[in-house]
**Q** 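First the structure, which I've put down as structure tokens, then a few questions once you've had a look.
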Amino acid sequence: MPNQVIKKIKSSGMLGPIAALTVALFGGWSGAVMGWLLGTAAGFRSTQGKIIASPKMGAQIGAYAGLNLGVWFLVASLMEGLVIRPLSGQSPTNLLMPLLSGVVALGAATLAASLMAGLQGIPPGKKRRANQINLCFVALLFPFADAVAQTNWIATIIQILIFVMLALGLNITVGFAGLLDLGYAAFFAIGAYTTGLLSSPQLDLEWNFWLVLPIAAAVAALAGLILGTPTLRLRGDYLAIVTLGFGQIVPVLFRNLIAVRIDEPISKMMAAVFNRPELAICLVGCDRPLNLTGGEAGINPIGRPSLPILGEFQSSNYLPWYYLILVLVVLAYFAIGRLRNSRLGRSWAAIREDQLAASAMGINLVNTKLLAFAMGATFSGFAGAFYAAYISAIFPSVFDFSISVIILCMVILGGLGNMTGVILGATIIMAADRLYLPQLAQILKGFLNTAVLPNIANPQFRDFLAVSLDPLQMRLFLFGLTLVIMMIVRPEGLVPDATHKAEMHSSDAEAKKAIASAEG
């Protein structure tokens, strides 16, 4: 009996603990929403590596996986309502409410897993299209499920999708072409500031957002070419240092462009030679220096997109923003997928594996590297334009070095070169940082104030616990610890690309082969 229980727990993989943690932290009807989402993932995962002869067979396998996952929801819902809520100082509830929400979550997980697994039993020619339709159905209906369940996650999901777009762009440079870029946040900043300058009163332009969006991407692509040009002969650590410098320069540049005056260069040189300042011909900022970027205060307000029926997008209505960034991410996914399978994508892969061999095969290293930087920067420019319009303000402090590192970690955690893995890595890191840790901090604070701190007589020790046991203060420590464990246990990432997985484990395979031959 214990072995069967352990086997069922293992069959849930990481989905079970994620389900339990979500319900334990958020309570309410969050289990119903997560049961739908994680149930879909469990249904797909349960059929991988198996021959599914019919939709009925797949639905049975998925129902079993969804039922196992639903047990996590049910137990966590009872624990949250009967144990966690009283201990954290929240109003207690009776048995009926957590039992009802847990049963609904169990049913949602079972149905979603059955549906997704059943789709794996249809003919191969139609299976991929059916999976895409089901995923589109989930993505399109999520805001309504979020509103009905009152989980209020949609604002966080929009932020997650912004970083998914950024991670997909960086995956071109790092994952496809093997060019380590530590200054990727610079392109994010360039796209955002381009939008801020062209669609705000800062320069009295206030252009339409839909016109500015491709311009911001094009300007970011041009910046990618500018960055790529001096790095053509660099590899590895040297390339990382140059891109790091570029990433540090751009925010400082935007912070200091507050007194801009541009003179015609020839007349300015003559004025300096003859010591006659009046000879310099001023082009920009003649009467007074131009405050281009607003310095540390940034640019505010920034124009927002508008549509004929919906009107201008408002900060109080998240639906238009959600669907806009969702469309951008989907278009980016398919565009990058096309690039990867194109001749250019194969050239990137060849350069990543061996630049000398790629050059000997006739691949133009200069053009291919420049296109890798430019295409990666393009999608960062799209994300920056959306971000600037979404928050309707932009500040240089947002684009510091940590953003580049976090985006790079998303790519590595998910799996270098695998777009699905990159999306998963970005979702995990951003959800943990923007959703789970703040909620955990709130519950832990209530627990300390209710059950721990009143029983401590020493005021110094009480203040120490109140300040130290804060997950938000330890977020970088937890983030770093997760990455260290991940690199030790699964260095190729959660969903690795086949090539990177073979590279990571080639030595293990060779060692096993050598041992087997020696024993033989």
Side-chain angles (χ1 to χ4, degrees), residues 2 5-6 8-10 12 14-35 38 69-106 146 149-153 155-156 159 402 406 428-486 488-489:
V5 173
I6 294 174
K8 289 184 178 181
I9 292 175
K10 288 183 177 180
S12 301
M14 289 300 299
L15 298 180
I18 292 174
L21 178 63
T22 304
V23 175
L25 291 179
F26 295 94
W29 297 102
S30 62
V33 178
M34 290 302 292
L38 294 182
L69 181 64
V71 172
W72 287 86
F73 283 112
L74 180 59
V75 173
S77 181
L78 294 174
M79 289 291 295
E80 190 275 336
L82 302 179
V83 178
I84 296 177
R85 290 182 67 87
L87 289 179
S88 60
Q90 303 178 59
S91 58
T93 183
N94 54 26
L95 177 63
L96 180 61
M97 189 62 191
L99 181 62
L100 179 61
S101 61
V103 171
V104 171
L106 186 149
D146 178 70
Q150 297 182 351
T151 49
N152 300 319
W153 291 341
T156 305
Q159 298 179 36
S402 63
I406 289 175
I428 290 175
I429 290 179
M430 288 302 297
D433 187 53
R434 304 294 173 90
L435 195 64
Y436 286 86
L437 281 181
Q439 186 68 15
L440 177 61
Q442 183 177 349
I443 291 178
L444 185 58
K445 181 179 179 181
F447 173 72
L448 289 175
N449 293 334
T450 302
V452 177
L453 298 182
N455 300 323
I456 298 178
N458 190 329
Q460 288 83 8
F461 185 58
R462 186 167 60 245
D463 294 340
F464 171 77
L465 288 179
V467 174
S468 300
L469 296 181
D470 184 1
L472 294 179
Q473 301 293 332
M474 298 185 291
R475 55 189 290 267
L476 293 180
F477 166 75
L478 297 174
F479 178 62
L481 180 63
T482 303
L483 289 178
V484 169
I485 295 174
M486 188 67 192
I488 295 174
V489 176

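Counting begins at 1 with the first residue of the sequence. Owing to the predicted nature of the structure, the values given are computational and were not obtained by experimental measurement.
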**Q** Closest heavy-atom contact between Ile443 and Ala24?
**A** CD1-O, 4.0 Å
**Q** Shortest non-hydrogen contact from Gln159 to Met430?
**A** O-CE, 4.4 Å
**Q** Taking atom OG1 of Thr156 and atom OH of Tyr436, what is their separation to the nearest 0.5 Å?
**A** 10.5 Å
**Q** How far does CG of Asp433 sit from CD1 of Ile428, to the nearest 0.5 angstrom?
**A** 13.5 Å
**Q** Applying side-chain contact (heavy atoms from CB on, under 4.5 Å), run through Val83 and Leu78 and close with a yes or a no.
**A** CA-CA 8 Å; Val83 178; Leu78 294 174; over 6 Å; no
**Q** Hey, is the main chain of Pro98 close enough, under 3.5 Å, to the side chain of Ser77 for a donor-acceptor pair?
**A** yes
**Q** From Asp146 CG over to Trp29 CH2, what is the distance, rounded to the nearest 0.5 angstrom?
**A** 15.0 Å
**Q** Count the heavy atoms belonging to other residues, nucleotides or ligands that lie under 6.0 Å from CE of Met79, then report whether that count exceeds 12.
**A** no
**Q** Are Thr450 and Ser88 close enough that some pair of their side-chain heavy atoms sits under 4.5 Å apart?
**A** no
**Q** Please report the closest heavy-atom contact between Gly28 and Ser101, naming both atoms and the distance.
**A** O-CB, 3.5 Å
**Q** Quick one: are Met34 and Trp153 in side-chain contact, heavy atoms under 4.5 Å?
**A** yes
**Q** Per the side chain to side chain contact (heavy atoms under 4.5 Å, CB included) rule, which among Val23, Ile18, Leu25 passes with Leu21?
**A** Leu25
**Q** In Å and rounded to the nearest 0.5 Å, what is the CG to CE distance from Leu38 to Met14?
**A** 11.0 Å
**Q** Minimum heavy-atom separation for Ala432 to Pro438, with atom names?
**A** O-CD, 4.4 Å
**Q** The test is side-chain contact (heavy atoms from CB on, under 4.5 Å); show your working for Leu106 and Phe73 and say whether it passes.
**A** CA-CA 6 Å; Leu106 186 149; Phe73 283 112; 5.5 Å; no
**Q** If you compare all heavy atoms of Leu437 against all heavy atoms of Pro471, which two are closest, and at what distance to 0.1 Å?
**A** CD2-CB, 3.8 Å
**Q** With the side chain counted from C-beta on, respond yes when Trp72 and Leu15 share a heavy-atom pair under 4.5 Å apart, and no when they do not.
**A** no
**Q** Would Ser30 and Thr22 count as having a side-chain donor-acceptor pair, cut-off 3.5 Å?
**A** no
**Q** For the CD1 atom of Ile429 and the CG atom of Leu483, what is their distance to the nearest 0.5 Å?
**A** 6.0 Å
**Q** Any chance you could measure Leu82, atom CG, to Asn94, atom CG, to the nearest 0.5 Å?
**A** 9.0 Å
